[in-house]
Asker: 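Mind having a look at this structure? Questions to follow.
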Amino acid sequence: MEKDKCISTNNIISEVPDSVIYVPKFITEEEEAEIIKHINHAPLPKWTQLSHRRLQNWGGIPHPKGMIAEEIPAWLRKYVDKVSSLNVFERDKLPNHVLINEYLPGQGIMAHSDGPLFDPIVTTISCGSHTLLDFYKRLDTTQLQQLDLDFSLLLERRSLLILQRDLYHRYLHSIAERDTDIISRSIIKNLNICSEQFQEEQTLKRDVRLSLTIRHVPKTTKLKLKIG
């Protein structure tokens, strides 16, 4: 596939631990509309309903015993290949799984890490709406403590975010459950490379956001499960 986007030093967020890459306008408005159409037309059984959001798994369902690999459909493979063409994945660890999350305004996800089921590099395309992704240092304790926000990243619609290394292993990330986000230059560390200009204390209203998290699952099998 022809590389219509390239990662440069301008895409590296310098104010946070290495290595975070942010590519605004990674996909076009037409591509975004295509993605949203296919996601919304997926058969109902493809959706998994959680308490605060719903999601789709493509490529299989990750499991500690191994993901039973499934073919990723052509409409989605197009964007997996587009991310792969940036050469952020190792040749033998190309992405084989896509997790699609739907966030309605007011919905979010608690602080978490993606864990050992995945290779420690995460790429996410945002469609339909922006969001703020919040980061917290992982605590070296088993005691329950209040996490302190370290920094946030503004994920614009049609953007690509790439997380790896320290931010994968040493930080938790979350999305707060709220309808709007307030711009704060002291907290949001990628405003200087966003595609739009934002004013301090500007209020951004959330819409329905569909995120495509594209990753590599190392442990897979092509065996079919026996039902019954």
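Side chains included, hydrogens not; waters and symmetry mates left out as well; all remaining heavy atoms used.
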Asker: Looking at every non-hydrogen atom in both residues, tell me the closest pair between Val20 and Leu161 and how far apart they are.
Answerer: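 Nearest pair, atom of Val20 first, then Leu161: CG1-CD1, 3.8 Å.
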
Asker: Side chain to side chain contact (heavy atoms under 4.5 Å, CB included) for Ile121 and Glu90? Distances and angles first, verdict last.
Answerer: CA-CA 10 Å; Ile121 178 169; Glu90 295 179 20; over 6 Å; no

Asker: Look only at the side chain of Asn101 and the backbone of Leu55, and say whether a donor-acceptor pair between them is shorter than 3.5 Å.
Answerer: no

Asker: Look up atom CE in Met110 and atom NE2 in His52, then write down how far apart they are to the nearest 0.5 Å.
Answerer: 9.5 Å

Asker: For the pair Tyr136 and Leu149, evaluate side chain to side chain contact (heavy atoms under 4.5 Å, CB included) and give the outcome as yes or no after the intermediate values.
Answerer: CA-CA 5 Å; Tyr136 306 83; Leu149 177 65; 3.9 Å; yes

Asker: I need the minimum non-hydrogen distance between Lys78 and Glu34, along with the two atoms involved.
Answerer: NZ-OE1, 3.3 Å

Asker: Using the rule given for side chain to side chain contact (heavy atoms under 4.5 Å, CB included), can you reason through Thr131 versus Tyr103, listing the C-alpha separation, both sets of side-chain angles and the distance that settles it, and then say yes or no?
Answerer: CA-CA 9 Å; Thr131 200; Tyr103 296 95; over 6 Å; no

Asker: Please check this pair: side chain of Asp207 against backbone of Gly128, looking for a donor-acceptor N/O pair closer than 3.5 Å.
Answerer: no

Asker: With side chain to side chain contact (heavy atoms under 4.5 Å, CB included) as the criterion, how do Phe135 and Leu147 come out once you've worked through the C-alpha distance, each side chain's angles and the decisive distance to 0.1 Å?
Answerer: CA-CA 10 Å; Phe135 289 86; Leu147 294 172; over 6 Å; no

Asker: State, yes or no, whether a side-chain contact exists between His112 and Leu172 at a heavy-atom distance under 4.5 Å.
Answerer: no

Asker: Determine whether more than 12 heavy atoms belonging to other residues, nucleotides or ligands lie under 6.0 Å from atom CD1 of Ile61.
Answerer: no

Asker: Give me the atom names and distance for the closest heavy-atom approach of Val23 to Asn11.
Answerer: CA-ND2, 3.9 Å

Asker: Quick one: does Glu156's side chain have a donor or acceptor within less than 3.5 Å of a partner on Lys25's backbone?
Answerer: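 Side chain of Glu156 to backbone of Lys25, a donor-acceptor pair under 3.5 Å: no, none is there.
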
Asker: Kindly say whether Val80 contributes a backbone atom to a donor-acceptor pair with the side chain of Ser84 at under 3.5 angstrom?
Answerer: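 Checking the backbone N and O of Val80 against the side chain of Ser84, a donor-acceptor pair under 3.5 Å is found.
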
Asker: If we only count heavy atoms from C-beta on, is the Phe118 to Val217 side-chain gap below 4.5 Å?
Answerer: yes

Asker: Mark yes or no for whether Lys46, through its side chain, and Asn57, through its backbone, hold a donor-acceptor pair below 3.5 Å.
Answerer: yes

Asker: Check whether any side-chain heavy atom of Ser126 lies under 4.5 Å from a side-chain heavy atom of Arg209, and answer yes or no.
Answerer: yes

Asker: Looking only at the aromatic ring of each residue, does the gap between the centers of His216 and His97 stay below 6.0 angstrom?
Answerer: no

Asker: Are there more than 12 heavy atoms of other residues, nucleotides or ligands under 6.0 Å from atom CD of Glu71?
Answerer: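 Result for CD/Glu71: open.
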
Asker: Are Leu212 and Leu76 close enough that some pair of their side-chain heavy atoms sits under 4.5 Å apart?
Answerer: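 Heavy-atom side-chain distance check passes, below 4.5 Å.
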
Asker: Step through the shown structure and confirm whether more than 12 heavy atoms of other residues, nucleotides or ligands are within 6.0 Å of CD on Gln197.
Answerer: no

Asker: Is the closest side-chain heavy-atom distance between Tyr171 and Val16 below 4.5 Å?
Answerer: no

Asker: Going from CG on Leu94 to CG on Asp92, what distance comes out if it is rounded to the nearest 0.5 angstrom?
Answerer: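 The CG atom of Leu94 sits 8.0 Å away from the CG atom of Asp92.
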
Asker: Grab the two heavy atoms, one from Val88 and one from Val83, that are nearest each other, plus how far apart they are.
Answerer: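 Val88 and Val83 have their closest heavy atoms at CG2-O, 4.3 Å.
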
Asker: Can you confirm whether the side chains of Trp58 and Gln56 place a donor and an acceptor under 3.5 Å from each other?
Answerer: yes

Asker: Measure across Asp134 and Ser152 and return the closest heavy-atom pair with its distance rounded to 0.1 Å.
Answerer: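 Shortest heavy-atom separation between Asp134 and Ser152 comes out as OD1-OG, 2.5 Å.
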
Asker: Keeping the roles fixed (side chain from Arg206, backbone from Arg178), state whether a donor-acceptor pair exists under 3.5 Å.
Answerer: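 Between the backbone of Arg178 and the side chain of Arg206 there is a qualifying donor-acceptor contact (under 3.5 Å).
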
Asker: Contact between Ile27 and Lys82 at the side-chain level, heavy atoms closer than 4.5 Å - yes or no?
Answerer: yes

Asker: Looking only at heavy atoms, what is the nearest atom pair of Ser113 and Tyr168, with distance?
Answerer: CB-O, 4.5 Å

Asker: Judged by atom type as modelled, is there a donor-acceptor pair below 3.5 Å linking the side chain of Lys219 to the main-chain atoms of Pro64?
Answerer: yes

Asker: From Phe26 CZ over to Thr124 OG1, what is the distance, rounded to the nearest 0.5 angstrom?
Answerer: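 With rounding to 0.5 Å, CZ (Phe26) is 11.5 Å from OG1 (Thr124).
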
Asker: Is it the case that one hydrophobic cluster holds both Val208 and Trp47, taking links as side-chain heavy atoms less than 4.5 Å apart, direct or via other members?
Answerer: no

Asker: Are Leu99 and Ile125 joined in one hydrophobic group, where the rule is that I, L, V, M, F, W and Y side chains link up if heavy atoms are under 4.5 Å apart?
Answerer: no

Asker: Tell me whether Ile100 is reachable from Ile35 by hopping between hydrophobic residues (I, L, V, M, F, W, Y) whose side-chain heavy atoms are closer than 4.5 Å.
Answerer: yes

Asker: About how many Å separate CD1 of Ile214 and CZ of Phe89, when rounded to the nearest 0.5 Å?
Answerer: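 It comes to 7.5 Å.
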
Asker: Under a 4.5 Å cut-off applied to non-hydrogen side-chain atoms, are Trp75 and Lys37 in contact?
Answerer: no

Asker: Between CG of Leu204 and CG of Leu132, what distance do you get to the nearest 0.5 Å?
Answerer: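 Going from the CG atom of Leu204 to the CG atom of Leu132 covers 7.5 Å.
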
Asker: A side-chain contact here means heavy atoms from C-beta on lying under 4.5 Å apart; do Phe198 and Leu154 qualify?
Answerer: yes

Asker: Quickly, which of Glu31, Glu30, Glu32 forms a salt bridge (Lys or Arg N to Asp or Glu O under 4.0 Å) with Arg158? Name it, please.
Answerer: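 Testing Arg158 for a salt bridge (Lys or Arg N to Asp or Glu O under 4.0 Å) against Glu31, Glu30, Glu32 leaves exactly one candidate, Glu32.
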
Asker: Under 4.5 Å between side-chain heavy atoms, counting indirect links through other Ile/Leu/Val/Met/Phe/Trp/Tyr residues: same cluster for Ile109 and Leu155 or not?
Answerer: yes

Asker: Are Ile72 and Tyr79 linked, directly or through intermediate hydrophobic residues, by side-chain heavy-atom contacts shorter than 4.5 Å (ILVMFWY only)?
Answerer: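 Hydrophobic grouping puts Tyr79 with Ile72.
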
Asker: Nearest 0.5 Å please: distance from the CD1 atom of Ile21 over to the CD1 atom of Ile12.
Answerer: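 Between Ile21 CD1 and Ile12 CD1, I get 5.5 Å after rounding to 0.5 Å.
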
